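Reading through the structure tokens given below for one structure.
Worth saying up front: this structure is predicted, and the values here are computed from it rather than measured. We name chains A, B, ... by the order of the sequence lines, and we start the count at 1 in each one.
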Amino acid sequence: MSTATVVRAKSRRSNSNTKTQTRAAWFMIAPAFVLFLLFMAAPIFYTLFISFQRTKVSGLFGGTRETIWVGFQNYVNSFDSEFLASVVRVLGYGCILVPVMLGLALTFALLLDSPRTRSKTFSRVAIFLPFAVPAVISSLLWGFLYLPSVSPFSYILNTFGIQSPNVLGPDVITFAIANIGIWGGTGFNMIVIYTSLKAIPSDIYEAARIDGCSERQIALRIKIPIVMPAIIMTFLFSMIATLQVFAEPMTLKPMTNTISSTWSPLMKIYRDAFQNSDIYSAAATSVIVAVGTLAISYFFLAVVQKRAFGQEER
Amino acid sequence: MHQGLRTTMAAVVTTIALATAGCSGAATTSSNAAPSEDYSATNPANITFWSWVPNIDKVVDLWNADHPEIKVTVQKQDGGDALVTKYLTAIEGGSGAPDVVQAEYQKLPTLVSKNALADLATVGAADLQSQFAAGTWSSVTLGTSSVYAIPQDSGPMAFYYRADVFEKLGIAVPTTWDEYAAAAKKIHEADPTTYLGTFSSVDAGSFAGLSQQAGAQWWSVDNSNQSWGVGIDSEATQKVASFWGDLVEQGVIDNQPQYTTAWFKALNTGKQVGWVSAAWAPGVLSGNAAATQGKWKVATLPQWDASAPASGNWGGSAVAVSSQSKYPGAALKFITWLNTSTDAAQALVDEGGIYPAATAAAAATLTEAPEYFSNQPDFYDVIAKSAETVAPFTFGPNVNVAYQAFSDAFGKAAEAKTTSAFLSALTAMQEKTVTDLKNQGFTVSE
């Protein structure tokens with residue numbers, strides 16, 4: 001038997017091995033795949049489908065209704081002043097939320113990771129706890145703190161003769177909503193960064209200390225660069241969550257005149273679909289928001305990847 | 001944060017589920033059973049009834065005890081909005097809708113525009129017209145010769161005020177809106193933290209009722225060319241909008257929404273000393289302003305023209321027969337009993353705490369003031385006076401859109417605190433409503 005035949009026989013065996021393996025793999029991912037098709041792909045395609053449609057009624061009370069194709073009309077209509085205003089508003093909200101939340105998360109994570117910090121478990125749980133409170137509940141809680149006549153803060157300020165500011169007024173409403181997001185989101189992001197800090201082998205720190213590095217320099221020069229991928233991931237998630245902010249402004253809405261029903265893009269979709277029973281416009285706007293989110297995420301990763309991960313590859 | 005993502009997904013999935021439901025049924029919207037009058041005590045007509053009124057089943061038990069030939073079964077529902085969504089899904093699906101359904105007045109045109117209701121004029125409902133105030137009746141005919149529902153309860157508007165505060169400041173109860181404005185000013189000047197009322201941008205129903213009082217017709221039907229008229233930005237509504245805009249601009253009434261924790265607290269602690277509301281207000285006050293019980297009194301709405309008193313409705317509902325019902329005649333018999341007989345009205349008042357729309361039934365049953373107003377024995381005489389003068393008003397097929405536009409536009413205006421902002425809010429509301437009607441395919445006469 002020549003070497004060549006042995007090789008061929010081996011490769012044939014491994015070939016059939018791969019085949020059974022492939023089959024097993026398909027079998028195992030099938031449930032997930034079917035669920036994905038049913039509850040992700042199908043709804044997405046259906047949303048696309050109806051975003052090109054509209055119903056037309058005729059007669060005084062809409063005696064007959066028919067569904068017609070309208071091409072890109074729903075998309076064109078979606079780009080109205082309300083939608084653009086909501087996008088601008090949400091961008092402003094993101095400019096407050098993302099840096100503050102991630103800055104706090106990173107600071108807390110570094111503090112918890114520092115050898116001199118006491119009662120770490122308690123602090124970690126305390127910082128994480130707000131994440132476990134559903135957004136609707138936390139918005140209600142904050143709403144009570146914001147409403148001047150029921151807020152304990154206003155009460156304290158008033159006893160000292162200071163006029164309490166209207167936090168739900170038009171000037172600061174964005175901060176008020178971002179504050180709820182920061183309160184709820186910092187803990188989660190801190191845990192993500194802290195976990196990746198824990199994964200750094202301690203001999204790196206030892207080496208640094210021998211070289212005369214202070215704790216602050218270790219944090220700035222060693223820890224932050226190493227956990228950069230985790231920071232980028234949390235940044236990306238926060239950005240997506242920003243574009244999809246919904247529960248907080250929706251819950252605060254009935255308490256104030258300043259939050260309109262189209263405050264954020266998702267609120268506009270919700271209003272169109274469920275209050276104005278116009279699922280066609282809602283579908284078109286949903287597609288726009290989804291595509292926009294995808295584009296921004298992709299662009300962000302493309303820019304950042306070169307900087308953050310480029311060094312390792314070189 | 002992450003709930004945001006989950007909510008989106010939930011919203012998208014629900015949208016799609018609803019869309020699918022709406023789509024599949026769109027072609028099959030027609031009544032499927034031929035109306036039948038063939039029933040007897042041994043072979044009774046079985047009628048299902050969807051309602052959210054508390055203890056309505058006890059009222060229906062009274063009917064069933066006396067009427068073996070028409071057996072009514074109540075299926076309790078969560079509330080007005082949820083019921084309409086569920087009901088329309090059943091209608092568009094072609095089956096599964098109840099025979100009899102409760103619906104708020106402003107929902108009727110939407111239901112009619114989806115062919116969801118039977119025309120009760122064909123089974124003799126027009127005879128009932130004399131039992132109701134003209135304004136209430138027009139809400140169920142939509143200005144046509146058809147009858148789509150029979151009114152059950154109504155919310156004739158009234159002015160609630162803290163009698164002790166008025167007395168202390170020596171203010172007479174306002175009979176005109178000018179006097180209301182003067183009173184608001186006097187009360188606010190006496191104590192800058194106290195207001196006679198608030199302009200609430202979340203209560204489109206209240207503003208609609210006040211516009212109705214002023215003679216506005218937000219929607220109107222032109223039968224000759226099958227078109228809708230929209231009169232939101234009309235002279236009558238402008239009068240109402242600039243009146244409230246002016247008070248907000250002067251700062252003599254508050255500009256914050258009603259039904260918030262802050263507002264309830266203000267009612268309870270005497271920082272809000274008046275409320276332009278409706279017949280159902282005692283329920284809200286007893287639940288949220290218990291500390292001020294015995295100090296409130298009710299009066300008819302202040303008037304624009306004291307020589308021609310008018311009023312409006314805020315809230316209330318009617319009972320309709322579904323287009324899928326096999327027994328529209330039997331169903332109407334039951335509804336007639338439920339909404340016009342003294343027995344049923346008494347039971348509805350006792351069990352459900354409603355204000356009957358039928359004028360004779362209301363007069364016969366509402367003899368004693370509600371507990372919260374035991375200091376004012378003639379409480380229901382005042383409400384009855386308001387009910388008699390409710391001005392005619394027709395709701396259109398897109399009340400939801402108009403009300404939504406109201407909240408957004410007037411929220412901004414209330415924050416801007418200028419009369420001109422109130423007037424431009426009205427224009428925005430008119431535009432949105434007209435655009436939506438046209439987008440849906442209705443003909444709109446300009």
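- Of residues 425-439 of chain B, those residues lying under 4.5 Å from chain A by any heavy-atom pair are B:K432, B:K438, B:N439.
- For the pair B:A262 and A:S149, the tightest heavy-atom approach, listed with the atom from each and the gap, is CB-OG, 3.1 Å.
- With respect to chain A, the highest number of heavy-atom pairs below 4.5 Å among B:G441, B:A405, B:G396 belongs to B:G441.
- With sequence neighbours left out, A:Y75 forms a side-chain hydrogen bond (donor to acceptor under 3.5 Å, both in side chains) with A:S51.
- Note that the CG atom of B:N398 and the CG atom of A:D278 stand 11.5 Å from one another [nearest 0.5 Å].
- For B:T193, no part lies near chain A; criterion is any non-hydrogen pair under 4.5 Å.
- By number of non-hydrogen pairs under 4.5 angstrom with chain B, the leading residue of A:M250, A:E82, A:K253 is A:E82.
- Counting heavy atoms of neighbouring residues, nucleotides and ligands inside a 6.0 Å radius, atom OH of B:Y259 exceeds 12 of them.
- Proximity to chain B is limited to the backbone of A:T55, based on heavy atoms less than 4.5 angstrom apart.
- Residues of residues 407-416 of chain B placed with any heavy atom under 4.5 Å of a heavy atom in chain A are listed by number as B:D408, B:G411, B:K412, B:A414, B:E415.
- Contacts of A:F79 classified as ring pair (Phe, Tyr, Trp, His ring centres under 6.0 Å), with partners at least two apart in sequence or in another chain: A:F83.
- Proximity to chain B (any heavy atom under 4.5 Å) is shown, for A:E66, by neither the backbone nor the side chain.
- For B:K417, the NZ atom counts as loosely surrounded, since its 6.0 Å shell holds 12 or fewer non-hydrogen atoms of other residues, nucleotides or ligands.
- Separation of atoms CZ (A:R54) and CD (B:Q440) is listed at 8.5 Å; rounding is to 0.5 Å.
- Listed here is the closest heavy atom pair of A:N257 and B:S201: OD1-OG, 2.6 Å.
- Interface remark: of the candidates B:V401, B:L142, B:T443, B:T110, B:V401 forms the most heavy-atom pairs closer than 4.5 Å to chain A.
- Contact between B:Q256 and A:T256 at its shortest, heavy atoms only, is OE1-CA, 4.5 Å.
- Using modelled atom types, no side-chain atom of B:K265 and backbone atom of A:V150 make a donor-acceptor pair closer than 3.5 Å.
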